[in-house]
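The structure displayed is predicted, hence computed values, not measured ones.
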Amino acid sequence: AGSNGMTAGSETPEIPKTPEIPKAPEIYVDADACPVKEEVLRVAERHGLGVYIVSNGGMRPSRHPLVRTVVVADGPDAADDWIAERIGPADICVTADIPLASRCLERGAKVLNANGKTFTEESIGMALAMRGLMQHLRETSDIRGGPPPFSREDRSRFLRSLEEVVQSALKSGGARD
């Protein structure tokens, strides 16, 4: 291009490329049986982030302007599919569902459990294997029960972890003032 912004032999000025504006992170909550929806909203409010509360129904829609309540059709993985099809690299998923966590990680998202444990590319393989093992043991033996009850410490750990994940997502992907 010449100094006048024209390409050689052309009367049309070059159009400068517009820098891509990073997308602000959004938080996707696998909401059925999620005990930390209020904590997610508190952190999202602090940073001005949008939140999708996704469930199969039975949830009261939020009137909060940052929250979108999404009710999907009944089905074993309908909420998971909705989240996995839309989540992106700058986004955050809150879920206890290990296969959904794996799908979100594959799309570059950050993922954490309601107890504050983050799932990573390094940890998801072992989590999937343990899930499969425990399911097999429950089906073939007298192993009963599930995780311990959700505690106040779990809630505090979740808040700290979500804040850290949001800060990391803001630094690496989307910028919000």
Side-chain angles (χ1 to χ4, degrees), residues 20-75 77-124 127-128 130-131 146-177:
E20 198 170 305
I21 298 170
K23 175 183 147 325
E26 294 176 310
I27 303 173
Y28 291 77
V29 180
D30 184 10
D32 293 323
C34 177
V36 291
K37 291 184 279 292
E38 290 301 317
E39 288 77 5
V40 169
L41 185 55
R42 283 178 29 204
V43 173
E45 269 185 320
R46 188 167 34 250
H47 297 283
L49 304 179
V51 177
Y52 293 94
I53 303 288
V54 186
S55 74
N56 293 70
M59 307 241 5
R60 184 175 306 149
S62 173
R63 292 178 178 230
H64 195 285
L66 293 174
V67 175
R68 302 291 174 263
T69 303
V70 178
V71 179
V72 297
D74 279 336
D77 294 321
D80 298 357
D81 291 343
W82 193 94
I83 292 169
E85 289 166 5
R86 289 163 178 81
I87 200 161
D91 298 327
I92 301 160
C93 180
V94 176
T95 185
D97 186 296
I98 296 169
L100 174 59
S102 179
R103 293 171 70 187
C104 292
L105 287 169
E106 287 171 7
R107 294 191 51 116
K110 298 178 181 348
V111 185
L112 71 156
N113 193 326
N115 67 9
K117 176 185 173 197
T118 56
F119 292 103
T120 65
E121 290 290 335
E122 294 77 29
S123 69
I124 197 67
L128 285 164
M130 286 301 295
R131 176 186 178 274
F150 194 72
S151 69
R152 188 175 303 175
E153 291 81 21
D154 291 329
R155 197 172 302 282
S156 293
R157 188 178 325 108
F158 173 79
L159 273 168
R160 283 191 309 273
S161 293
L162 181 59
E163 183 64 35
E164 290 169 10
V165 168
V166 166
Q167 291 288 341
S168 172
L170 288 169
K171 287 178 187 167
S172 65
R176 272 274 203 248
D177 292 337

Give a yes or no on whether the backbone of A109 and the side-chain of D91 come within a donor-acceptor separation of less than 3.5 Å. no
Quick one: pull up SG in C93 and CG in D80 and give me the separation to the nearest 0.5 Å. 8.5 Å
Can you name the closest pair of heavy atoms from V94 and V40 and give their distance? CG2-CG2, 4.1 Å
Tightest non-hydrogen contact, residues L49 and P25, listed as CD2-O, 3.4 Å
Tell me if a side-chain donor or acceptor on N56 pairs with a main-chain N or O of V71 at a distance below 3.5 Å. no
Compare every heavy atom of F158 with every heavy atom of N113, then report the nearest pair and how far apart it is. O-CD1, 3.3 Å
For the residue pair L162 and E39, what are the closest heavy atoms and their distance? CD2-O, 4.3 Å
Could you grab the distance from atom OG1 of T118 to atom CG of L105, nearest 0.5 Å is fine? 9.5 Å
Ionic contact status for R46 with E163, cut-off 4.0 Å: yes
Measure the NZ-CD1 distance between K110 and I27 for me, rounded to the nearest 0.5 Å. 12.5 Å
A side-chain contact here means heavy atoms from C-beta on lying under 4.5 Å apart; do C104 and L100 qualify? yes
Taking T95 for its side chain and A101 for its backbone only, find out whether a donor-acceptor pair lies under 3.5 Å. no
Ring-plane angle category for Y28 and Y52, please: parallel below 30°, perpendicular beyond 60°, tilted otherwise. parallel
Report yes if some heavy atom in the side chain of R157 is under 4.5 Å from a heavy atom in the side chain of K117; otherwise report no. no
With a sphere of 6.0 Å drawn around CZ of R63, does it hold more than 12 non-hydrogen atoms of other residues, nucleotides or ligands? no
State, to 0.1 Å, how close S161 and L112 come at their nearest heavy-atom pair, and which atoms those are. CB-CD1, 3.8 Å
Partner of D97 under side chain to side chain contact (heavy atoms under 4.5 Å, CB included), picked from I83, D32, D30, V111, is D30
The reported gap from CG in L41 to NE2 in H64 (rounded to nearest 0.5 angstrom) is 4.5 Å
Distance check, rounded to the nearest 0.5 Å: R103 atom CZ versus E106 atom CD? 8.5 Å
Looking at CE of M59 and NZ of K37, how far apart are the two atoms once the value is rounded to the nearest 0.5 Å? 4.0 Å
Does any N or O in the side chain of R107 come within less than 3.5 Å of the main-chain N or O of A84, such that one atom is a donor and the other an acceptor? yes
Contact summary for A44 and L66, nearest pair of heavy atoms: O-CD1, 3.9 Å
